[in-house]
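Since the structure comes first, as structure tokens, the remarks are kept for the end.
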Amino acid sequence: MAERGAILPREFYARDALDVARDVLGQHVRHGDVILRITEVEAYRGPSDTAAHARFGSTPRTRTLFGPIGHAYVYLCYGIHWMLNLVARGDGSAVLIRAAEPVSGLASIRERRGGKDGPILLTGPGKIASALGVERRHDGACLYDPDSPITVVRGVRPKEILAGPRVGIDYADPQHVVAPWRLAIGGTAWSSQPKSMSPLTEAVRKQRRRR
DNA sequence: AACACGATGGACT
DNA sequence: GTCCATCGTGTTA
């Protein structure tokens with residue numbers, strides 16, 4: 001078993017987006033002096049996922065999404081917020097980081113987030129990229145290269161994983177809205193945990209996998 | 001070339 | 001709960 005702080009290998013990303021999403025919970029993402037423990041994510045499973053950018057196929061925006069696995073897919077949302085995704089499987093699949101807990105670099109995080117404090121610093125995908133200082137120039141960055149500006153490293157595995165419905169994707173097919181595309185660590189204030197989220201069971205995972 | 005709208009967040013009622 | 005900033009993208013023409 002790899003020790004804490006070791007960079008996750010390329011192979012980590014060579015799987016179904018739902019499995020990558022589940023296993024990246026508790027891992028750490030680093031940019032400069034800021035390190036965050038990932039507490040909430042959302043899986044986007046390739047072109048067949050009606051909530052995913054990949055539904056349009058490969059376009060100028062999504063070329064990194066269809067590029068090599070284990071790289072960052074960064075894009076601008078609502079003209080304001082940058083989103084950080086991890087490219088998975090190699091078919092346009094990805095995992096969006098939606099919330100995190102500070103591990104180090106709190107001073108930098110607070111500075112970038114307007115001097116705020118507590119979970120409000122990092123609960124929300126736009127806040128993650130903001131706190132890390134990630135934007136357009138990081139699109140395509142390799143996450144397993146030690147010399148890369150952004151890396152994902154071994155963290156602390158969560159005790160409980162919750163699954164819940166997606167938000168902000170009214171245009172998607174209802175089957176792509178319900179659990180378990182959105183996953184969170186249970187029992188922490190550093191993630192959104194609405195009542196609609198419940199423990200991720202093997203039965204639910206298998207049911208989703210067939211779609 | 002014009003258009004509609006989005007994988008959001010913050011301010012406000 | 002409501003409003004809306006702000007701009008790249010995909011769609012249509």
Side-chain angles (χ1 to χ4, degrees), chain A residues 13 16-18 20-22 24-25 29 36 38-67 71-89 91-100 102 109-141 143 150 162-184 189-197 208 211:
Chain A
Y13 306 93
D16 188 289
L18 188 53
V20 175
R22 175 199 60 199
V24 85
L25 286 173
V29 58
L36 305 180
I38 299 168
T39 57
E40 184 182 341
V41 295
E42 185 163 331
Y44 291 92
R45 193 191 272 158
S48 65
D49 183 345
T50 59
H53 285 179
R55 69 189 186 280
F56 299 123
S58 183
T59 66
R61 173 175 63 162
T62 60
R63 78 184 182 287
T64 62
L65 188 53
F66 286 89
H71 288 237
Y73 169 48
V74 179
Y75 71 92
L76 186 63
C77 184
Y78 289 96
I80 304 169
H81 309 288
W82 294 101
M83 304 280 140
L84 173 59
N85 298 254
L86 320 175
V87 176
R89 199 160 82 169
D91 65 343
S93 290
V95 175
L96 170 68
I97 302 177
R98 296 192 63 96
I109 296 170
R110 286 201 184 109
E111 187 176 338
R112 290 172 178 147
R113 293 281 299 119
K116 295 185 172 59
D117 200 9
I120 197 172
L121 277 172
L122 298 166
T123 49
K127 301 175 185 178
I128 297 302
S130 170
L132 283 167
V134 164
E135 29 90 341
R136 171 169 297 289
R137 61 195 225 88
H138 300 106
D139 184 41
L143 301 169
I150 315 172
L162 304 176
R166 285 168 157 166
V167 293
I169 43 137
D170 296 343
Y171 51 85
D173 187 301
Q175 74 163 333
H176 292 141
V177 176
V178 297
W181 300 100
R182 182 175 167 211
L183 307 177
W190 297 92
S191 77
S192 320
Q193 291 174 75
K195 295 190 177 196
S196 56
M197 299 196 88
R208 187 61 47 201
R211 306 239 182 187

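Naming: A, B, ... by sequence-line order, numbering from 1 per chain.
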Spacing of A:Glu40 atom CD relative to B:dG9 atom C1', expressed in whole Å: 14 Å
Here the distance between atom C1' of B:dT8 and atom CZ of A:Arg166, to the nearest Å, is 16 Å
Can you check whether A:Val29 reaches A:Ile38 side chain to side chain, under 4.5 Å on heavy atoms? yes
Below 4.5 Å, heavy atoms only, C-beta onward: do A:Arg182 and A:Val167 meet side chain to side chain? yes
Within the 4.5 Å heavy-atom criterion, are A:Val95 and A:Tyr44 side-chain neighbours or not? no
Provide the full list of side chain to side chain donor-acceptor pair (under 3.5 Å) pairs with a residue in residues 110-126 of chain A, sequence neighbours left out, each pair given once. A:Arg110-A:Asp117
Is there a donor in the side chain of A:His53 and an acceptor in the side chain of A:Thr62, or the other way round, less than 3.5 Å apart? no
For B:dG9, take OP1 and OP2 only and decide whether either is under 4.0 Å from a side-chain N or O of A:Arg113. no
Is any side-chain heavy atom of A:Trp82 closer than 4.5 Å to one of A:Val74? yes
Name the stems that DNA chain C belongs to, where each is three or more consecutive Watson-Crick or G-U pairs with both distances under 3.5 Å? B:1-6 with C:7-12, B:8-12 with C:1-5
Does the side chain of A:Leu143 come within less than 4.5 Å of A:Tyr13's, by heavy atoms? yes
Side-chain ion pair, A:Asp49 and A:Arg55, N-O less than 4.0 Å: no
Distance check needed: B:dC5 P versus A:Tyr75 OH, whole Å only. 18 Å
Can you build the contact string for nucleotides 6-13 of chain C? Use B for base contact, S for sugar-phosphate-only contact, and - for no protein heavy atom under 4.0 Å. BBSSSS--
Considering only atom C1', compute the distance from C:dC4 to B:dA4 and round it to an integer number of Å. 16 Å
